[in-house]
Amino acid sequence: MTRKDYVLISKAIKRAVDQWSGLTPERGDVEAALSDLASDLAGELAADNPRFEANRFLSACGLD
């Protein structure tokens with residue numbers, strides 16, 4: 001991985017943190033937050049690499 005990859009990941013996590021601030025730690029909130037994070041990362045990675053398989057990534061994350 002390169003510095004560019006780490007920046008991409010940190011930006012996705014920062015957006016998630018900003019979006020989820022104030023959520024309660026209930027199971028549904030946590031699952032939704034993780035799903036949002038994985039989806040955001042998949043979108044960023046797909047934009048960076050046209051051969052990236054977002055559906056395969058999300059499936060590997062347990063989000064079929």
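Positions are given from 1 along the sequence. Values below: all heavy atoms of this structure, side chains included; hydrogens, waters and symmetry mates excluded.
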Looking only at side-chain N and O atoms, does D5 offer a donor or acceptor that is under 3.5 Å from a partner on T2?
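Yes - a donor-acceptor pair under 3.5 Å links their side chains.
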To the nearest 0.5 Å, how far apart are CG in L8 and CG in N49?
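Nearest 0.5 Å value for the CG-CG distance: 11.0 Å.
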To the nearest 0.5 Å, how far apart are CG in L41 and SG in C61?
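If I round to the nearest 0.5 Å, the distance is 8.0 Å.
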Test side-chain contact (heavy atoms from CB on, under 4.5 Å) applied to K14 - qualifying residues, sequence neighbours left out
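K14 satisfies side-chain contact (heavy atoms from CB on, under 4.5 Å) with D18 only.
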Please enumerate all residues that pass side-chain contact (heavy atoms from CB on, under 4.5 Å) together with A46, with sequence neighbours excluded.
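Scan of A46 (side-chain contact (heavy atoms from CB on, under 4.5 Å), adjacent residues dropped) gives F52.
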Would K11 and D40 pass as an ion pair if we require N to O under 4.0 Å?
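Looking at D40 together with K11, the answer is no, because their closest N to O distance does not fall below 4.0 Å.
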Between the main-chain N or O of R56 and the side-chain N or O of S59, is there a donor-acceptor pair closer than 3.5 Å?
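Pair absent, no side-chain N/O of S59 close to backbone of R56.
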Report the C-alpha distance between D36 and R15 in whole Å, list the side-chain angles of each, state the deciding distance to 0.1 Å, and finish with yes or no for salt bridge (Lys or Arg N to Asp or Glu O under 4.0 Å).
CA-CA 10 Å; D36 288 347; R15 282 192 298 270; over 6 Å; no
